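Here the structure comes first, spelled out in structure tokens, and everything after it is commentary.
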Protein chains: 2
Amino acid sequence: MTESIQTYLETIGHNARAAARQISRAETAAKNQALLAIAATLEAEAAFLIAENQKDLEAGRQSGLDSAMLDRLDINAKRVKTMADGLREIAALPDPVGEITGLTYRPSGIQVGKMRVPLGVIGIIYESRPNVTADAAALCLKSGNACILRGGSEAIHSNKAIAACIRQGLETAGLPADAVQLIETTDRAAVGAMLRLEHAIDVIVPRGGKGLIQRIMEESRIPILKHLDGICHVYIDDRCDPDKAIRITLNAKTQRYGVCNALETLLIAEGVAPTLLPALAAQLRGKGVELRGCPRTRELVEHCVPATEEDWDTEYLAPILSIRVVADLDQAMDHIARHSSKHTEAIVTEDYGRARRFLREVDSSSVMVNASTRFADGFEYGLGAEIGISTDKLHARGPVGLEGLTTLKFVVLGDGHVRA
Amino acid sequence: MTESIQTYLETIGHNARAAARQISRAETAAKNQALLAIAATLEAEAAFLIAENQKDLEAGRQSGLDSAMLDRLDINAKRVKTMADGLREIAALPDPVGEITGLTYRPSGIQVGKMRVPLGVIGIIYESRPNVTADAAALCLKSGNACILRGGSEAIHSNKAIAACIRQGLETAGLPADAVQLIETTDRAAVGAMLRLEHAIDVIVPRGGKGLIQRIMEESRIPILKHLDGICHVYIDDRCDPDKAIRITLNAKTQRYGVCNALETLLIAEGVAPTLLPALAAQLRGKGVELRGCPRTRELVEHCVPATEEDWDTEYLAPILSIRVVADLDQAMDHIARHSSKHTEAIVTEDYGRARRFLREVDSSSVMVNASTRFADGFEYGLGAEIGISTDKLHARGPVGLEGLTTLKFVVLGDGHVRA
């Protein structure tokens, strides 16, 4: 069985590599036509998608998935339309492929510039939400990449149905259907086999829980675009506008709890903590947020649990906030350097010099002044869409859109030039 | 012993991480002052450097290094000056750190842009040539990175002497000496220990033979900026200018043999092979180049050895050239897709459409029209200097200069903005 899965994956890898060469040179118009055709097919086949999705929902109910999981799995008419609209939005974005920048003459007489090109074959491993099948395929297609999709077993019927629509749309536009391939077995060995396709897959994008991503990091020798944790900080400086500090903290912590750009640790300057923290804490508690504080915080805030060392390194993804009173900006940045997952950090200050230092010195994928960490998102940043968020330093960092799915190559134009 | 080496490396890693935070926020003027102070120190200490280098040369002679190796190891007054001049050139380059691009307002009211920032700590593992110690340290310093240097054991005295000058120059400029640390043991276990410093080192740059790089790839979980092979192709199209074809082929193959951007396989269109190949082959043979050809090549060229399948996948780094006659551009690009190491490929053609297709469709780090593959080089491309050449797709591709040693983070400027 394992051997036949390996063979199956190798065939998929081989087909993807061949399709990647074709899709990399496809005209922008053909790629857009395919995206629109896929959108139309999804809408035309809505009844089929919903029927297939029912099989997954039924199996999910029987295997005891909780209601949040079942909701994420659910496809209804409105969600089909959202998927189709997402594809149309990606069709409307500029094509990043082929742009040449910086083409200048060198003293030798050659012209040198850089051309933006697709990465090749993207492998995407994701859980439950079947709309990722359409989103991820669309981003890869528009950026000229082939993709291999491995969705969660609980969504297999939904994913197969969506993938069938995608392949039909590709064929309508005269593009190779193998540019988007779904792994159709739910055997868990398929992930391992996929991670061994070093020669066929250029980048793996894992989307899911920390356990999934850690497993992929351990097993894969293929480069990964990922983030593991979102331990995001807000630092309230003593030269802040208190209203902005409260508004930003509440939004960053409570607008949504289970997201990677939510606030997890609040740092607040000693100079402003006694006046600001009690009121802020009351509002947070009013929203049902559990507070865990350093000793100084507990002097200022009622009903505050002691924070342990572990709290500073924990991504709660829940209505819990750890709070530490710090002496100043330097101590705040030291705390961030030690405990941040390098996802997103924000300072609240009206002091120009401190804002400038925070922006420069904090080493995270997004660094903000007087704005909620919740803005760290491809749509909010104007990328049009995102395939994920990277906290790695190489290649793409922060929300990853079409540009992050491309790379640059040098182009050299000569007229018989040789090196002296 | 191994345990103490691991501890030694961990201390180095810890120091590097601390120094990286300081050097990342150093003013451009301080970094340039350090580079100029290092240059001055190297020149002032030339006698010391040469004396220390003599120890390495003596040991090298006794251990039977060949004359080419001894020449690469040698430091004389002229080479000290070249090293110092290299540092001054890097001081004169623009500082890439802190540049903010694309800062625009979003519909939400926040401003979003990208800031160029250092990678953090670079680990460089290299062989024999001691000037790499100065070059690599200077590139890392200018780009705001700390570095950990592991040179070859045959150059240990030379490297220690150069590193001492570098640390003195850093201190003169008020920068932390630990921004540049040389591993002072020649124990081979140090490389393994270095590759385990996942939390202290952001990127490994291996410079050396294929064996070294393969070993590092196998052992390291730290991202690597590297190239393994340089199997470069020139394709001579039937619509070429024959003079340019001959000039470019001769330069690409014979200007230097042991370099990664030298030509290894010549592809030539059937339409022009009978008229062009005999004359070209004669000139190559006149320079002492051994020719290995496909059956059609051997019909056209005298004294041509049969090329095996293995030849198409071989980087000779020697006066040997494999030659294949192809039907057309498509067959040439198929051959390249199959056998290229994705380093550098060139087409010789006067046909606009074919040049355009070759530029777009060939997936290598440098793609050229009517120019010698030998141009694939950081200096020739105007990067000022290079730390290496990458054939990987993520992050930096092609010659890697200061920009390749940096990454981008998102910066967000708000005025109390929260997400709706």
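None of these values were measured; they are calculated from a predicted model. In what follows, chains carry the letters A, B, and so on, assigned in the order in which the sequence lines appear, proteins first and then strands, with residues in each chain numbered from 1.
Contact of S364(B) with chain A is made through the backbone alone, with heavy-atom distances under 4.5 Å. When heavy atoms are compared at a cutoff of 4.5 Å, D334(B) approaches chain A by way of both its backbone and its side chain. With a threshold of 4.5 angstrom between heavy atoms, A420(B) approaches chain A through N, CA, C or O but not through any side-chain atom. Heavy atoms closer than 4.5 Å to chain A are found in the backbone of F379(B), but not in its side chain. Residue contact with chain A, scored on non-hydrogen atoms closer than 4.5 Å, involves the backbone of S365(B) exclusively. In this structure, chain B has no heavy atom under 4.5 Å from any part of Q111(A). Both the backbone and the side chain of L359(B) have a heavy atom closer than 4.5 Å to some heavy atom of chain A. In this structure, chain A has a heavy atom under 4.5 Å from the side chain of R221(B), while its backbone stays farther away. Of the two parts of R106(B), only the side chain, counted from C-beta on, holds a non-hydrogen atom closer than 4.5 Å to a non-hydrogen atom of chain A. In this structure, chain A has no heavy atom under 4.5 Å from any part of K342(B). For a residue to count as touching a neighbouring chain, one of its non-hydrogen atoms must lie under 4.5 Å from one of that chain's; by this rule P399(B) touches chain A with backbone and side chain alike. V203(B) touches chain A through its side chain: at least one heavy atom from C-beta onward sits under 4.5 Å away, while N, CA, C and O do not. When heavy atoms are compared at a cutoff of 4.5 Å, T349(A) does not approach chain B at all.
To the nearest 0.5 angstrom, Q283(B) atom CD is 11.5 Å from R247(B) atom CZ. Expressed to the nearest 0.5 Å, how far CG of D377(A) lies from SG of C260(A) amounts to 8.5 Å. Note: I201(B) CD1 to L195(B) CG = 7.5 Å, rounded to the nearest 0.5 Å. Once rounded to the nearest 0.5 Å, the distance linking CG of D95(A) with NZ of K31(A) reads 3.5 Å. D351(A) contributes atom CG, which lies 6.5 Å from atom CG of D237(A) (distance to the nearest 0.5 angstrom). Atom CZ in R116(A) sits 8.0 Å away from atom OG1 in T407(A) (nearest 0.5 Å).
Chain A forms more heavy-atom pairs under 4.5 Å with one residue of C240(B), G109(B), G382(B), A245(B) than with any other, namely G382(B). Looking only at heavy-atom pairs under 4.5 Å with chain B, the residue among Q255(A), M333(A), K114(A) that has the most is Q255(A). No other option in D243(A), V362(A), D392(A), V117(A) has as many heavy-atom pairs under 4.5 Å with chain B as V362(A). In terms of non-hydrogen atom pairs under 4.5 Å with chain A, the most contact-rich of H395(B), R21(B), R397(B) is H395(B). When each of D415(A), L413(A), V411(A), V112(A) is checked for heavy-atom pairs under 4.5 Å with chain B, D415(A) comes out on top. Comparing L394(A), V369(A), L408(A) by heavy-atom pairs within less than 4.5 Å of chain B, the highest count is held by L394(A). Note on S372(B), P107(B), G416(B): by heavy-atom pairs under 4.5 Å with chain A, the leading option is G416(B). By number of non-hydrogen pairs under 4.5 angstrom with chain B, the leading residue of R256(A), M217(A), R357(A) is M217(A). Most heavy-atom pairs under 4.5 Å with chain A: of the set K393(B), M368(B), M115(B), this distinction falls to K393(B).
Screening I389(B), T344(B), T373(B) for a side chain to side chain contact (heavy atoms under 4.5 Å, CB included) involving S366(B) leaves a single residue, T344(B). For the side chain to side chain contact (heavy atoms under 4.5 Å, CB included) with C140(A), the qualifying choice from I23(A), I387(A), V205(A) is I387(A), the only one to do so.
The residues E350(A) and K244(A) are annotated as salt-bridged, a charged nitrogen and a carboxylate oxygen being separated by less than 4.0 angstrom.
Contact record, D229(B) with T391(B): O-CG2, 4.5 Å, taken as the closest heavy-atom pair.
Every side-chain hydrogen bond (donor to acceptor under 3.5 Å, both in side chains) that D202(A) has, sequence neighbours left out, goes to R17(A).
Annotation: side chain of V418(B) is in contact with side chain of I248(A) (closest heavy-atom distance under 4.5 Å). Two residues are said to be in side-chain contact when any heavy atoms from C-beta on lie closer than 4.5 Å; H227(B) and S341(B) fail this criterion.
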